[in-house]
K.L.:
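I'd like to ask some things about the structure below.
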Amino acid sequence: MLEVRGLVVRYGQLTAVHGIDVDVQEGEVAVLLGANGAGKSSTLNALSGVVPAAAGTVTFRGTPITNRRPHVVARAGLVQVAEGRRIIAPLTVRENLELGAYPVRSRARRAELAAQVADLFPELTALADRPGGLLSGGEQQMLAFGRALMADPVAMMLDEPSMGLAPIVVDRVVDAIREIAARGMSVLMVEQNAAAALDLAHTAYVLEQGEITLSGPADQVRDDPLVLRAFLGVETTPTTPEPA
């Protein structure tokens, strides 16, 4: 579904991402783990065209999309939910959702997508006429997620979807990600809540200072001592042979 090869992202003289490779299969959830400043958001922004890739290639569904403009990438079916939700505060919930559906020309398809969003997040139906800026953080995250789904994507990129949310809302968002993946959508997510992300993901990548230092099936990455210590808060003690 998504193939990234040798991706480099620079901001002036600073290199944020150093030639990484990432693959996301159809219907798969892949997660990027790493500390603040590791290059996770820069990776997503380069894939969606928000920032330029200095080198490397991005291929989506067999088509090169490297350094395509964001609206072109979105219309190709790869949609990003940015960190911070980016809700348009004066617009109502309904208007924010309708804005997400702008590239969808079929009224029937728009209605189908709206029904799917209502099924995932029924709270948004009751809030349809409320301005987005008056929603709680959890409600805004649901709205951002729903707005992205209204664009009718085949793959989504999520940047810190659980940031600042209450545990019960995190569970709702995680369940929604699991549901859309079960329907065949591919998901690439950046997430600080490593325990939740690894429980959800099929594949995991660990970024350190812009380089991938560990990757593989999520259950194997979860058991790595570095991940246990740095992301899951589990102390690991090296095994030493007993004296003869």
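Because only heavy atoms are used, hydrogens play no part in the values below, and waters and symmetry mates are left out as well, while side chains stay in.
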K.L.:
Leu149, Phe60: one ILVMFWY side-chain cluster at the under-4.5 Å cut-off?
P.N.:
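No.
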
K.L.:
Identify whether the distance between the nearest side-chain nitrogen and carboxylate oxygen of Arg172 and Glu123 falls below 4.0 Å.
P.N.:
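Salt bridge flag = yes for Glu123 with Arg172.
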
K.L.:
Do side-chain atoms of Asp119 reach the backbone of Ala115 as a donor and acceptor pair under 3.5 angstrom?
P.N.:
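The answer is no, because no donor-acceptor pair under 3.5 Å joins these two groups.
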
K.L.:
Between the side chain of Glu28 and the main-chain N/O of Gln25, is any donor-acceptor distance below 3.5 Å?
P.N.:
yes

K.L.:
Under a 3.5 Å cutoff, is there a donor and acceptor pairing between the side chains of Ser41 and Asp159?
P.N.:
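Present: a donor and an acceptor within the cut-off.
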
K.L.:
Give the minimum heavy-atom separation between Ala38 and Leu207, together with the two atoms involved.
P.N.:
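Looking at all heavy atoms of both residues, the closest pair is CB-O, 3.5 Å.
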
K.L.:
Answer with yes or no whether the side chains of Glu208 and Thr213 bring together a donor and an acceptor at under 3.5 Å.
P.N.:
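Side-chain D/A pair, Thr213 to Glu208: present.
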
K.L.:
If we ignore hydrogens and angles and just use 3.5 Å, is the side chain of Tyr102 paired with the main-chain N or O of Ala151 as donor and acceptor?
P.N.:
no

K.L.:
Does a sphere of radius 6.0 Å around CD1 in Ile168 hold more than 12 heavy atoms from other residues, nucleotides or ligands, not counting ones at 6.0 Å or beyond?
P.N.:
no

K.L.:
Quick one: which of Leu32, Val221, Ile212 gives a side chain to side chain contact (heavy atoms under 4.5 Å, CB included) with Val206?
P.N.:
Val221

K.L.:
Is the backbone of Arg109 close enough, under 3.5 Å, to the side chain of Ser106 for a donor and an acceptor to pair up by distance?
P.N.:
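Judged by distance alone, yes, a pair lies under 3.5 Å.
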
K.L.:
Any side-chain heavy atom of Leu78 sitting closer than 4.5 Å to one from Leu2?
P.N.:
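Sidechains of Leu2 and Leu78: in contact.
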
K.L.:
Should the pair Arg178-Asp175 be classified as a salt bridge under the 4.0 Å nitrogen-to-oxygen rule?
P.N.:
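Looking at Arg178 and Asp175, the cut-off is met.
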
K.L.:
Has Ser42 got a side-chain atom pairing as donor or acceptor with Ala16's backbone, closer than 3.5 angstrom?
P.N.:
no

K.L.:
Val174 pairs by side chain to side chain contact (heavy atoms under 4.5 Å, CB included) with which of Leu200, Asn193, Val169?
P.N.:
Leu200

K.L.:
Tell me whether Asn45 contacts the main-chain N or O of Val51 through its side chain, where contact means a donor paired with an acceptor under 3.5 Å.
P.N.:
no

K.L.:
Consider only side-chain N and O atoms of Gln192 and Ser162, and report whether a donor and an acceptor are under 3.5 Å apart.
P.N.:
no

K.L.:
What distance separates Arg222 CZ from Asp224 CG, expressed to the nearest 0.5 Å?
P.N.:
12.5 Å

K.L.:
Val8 and Gly19: which non-hydrogen atoms are nearest, and at how many Å?
P.N.:
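Nearest heavy atoms, Val8 then Gly19: CG2-N, 3.5 Å.
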
K.L.:
Quick check for you: to the nearest 0.5 Å, what is the distance between Arg110 atom CZ and Arg105 atom CZ?
P.N.:
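Here the rounded value is 7.0 Å.
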
K.L.:
Please say yes or no: joined through hydrophobic side-chain contacts below 4.5 Å, possibly via intermediate residues, are Met156 and Val50 part of one cluster?
P.N.:
no

K.L.:
Minimum heavy-atom separation for Ala181 and Val29, please, with both atom names.
P.N.:
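Answer, listing the atom of Ala181 first, then Val29: CB-CG2, 3.6 Å.
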
K.L.:
Check this for me, if you would: do Asp152 and Arg147 make a salt bridge, where the nitrogen-to-carboxylate-oxygen distance has to be below 4.0 angstrom?
P.N.:
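Answer for the salt bridge query: no.
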
K.L.:
In terms of hydrophobic clusters joined by side-chain contacts under 4.5 Å, are Val24 and Ile20 together?
P.N.:
yes

K.L.:
Given the rule that I, L, V, M, F, W and Y join up when any side-chain heavy atoms are under 4.5 Å apart, are Ile177 and Leu120 in one cluster?
P.N.:
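Yes, it is one cluster - the side chains of Ile177 and Leu120 are joined through contacts under 4.5 Å.
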
K.L.:
Would you check if the side chain of Gln140 reaches a backbone N or O of Gly132 as a donor-acceptor pair within less than 3.5 Å?
P.N.:
yes

K.L.:
Using side-chain contact (heavy atoms from CB on, under 4.5 Å), reason through Thr203 and Val31 one step at a time and then give a plain yes or no.
P.N.:
CA-CA 6 Å; Thr203 304; Val31 61; over 6 Å; no

K.L.:
Verify the cluster assignment for Leu158 and Leu113: are they in a single hydrophobic cluster under the rule of side-chain heavy atoms below 4.5 Å apart?
P.N.:
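Shared cluster, yes.
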
K.L.:
When you check the gap from the basic side-chain N to the acidic O, do Glu3 and Arg5 get nearer than 4.0 Å?
P.N.:
yes

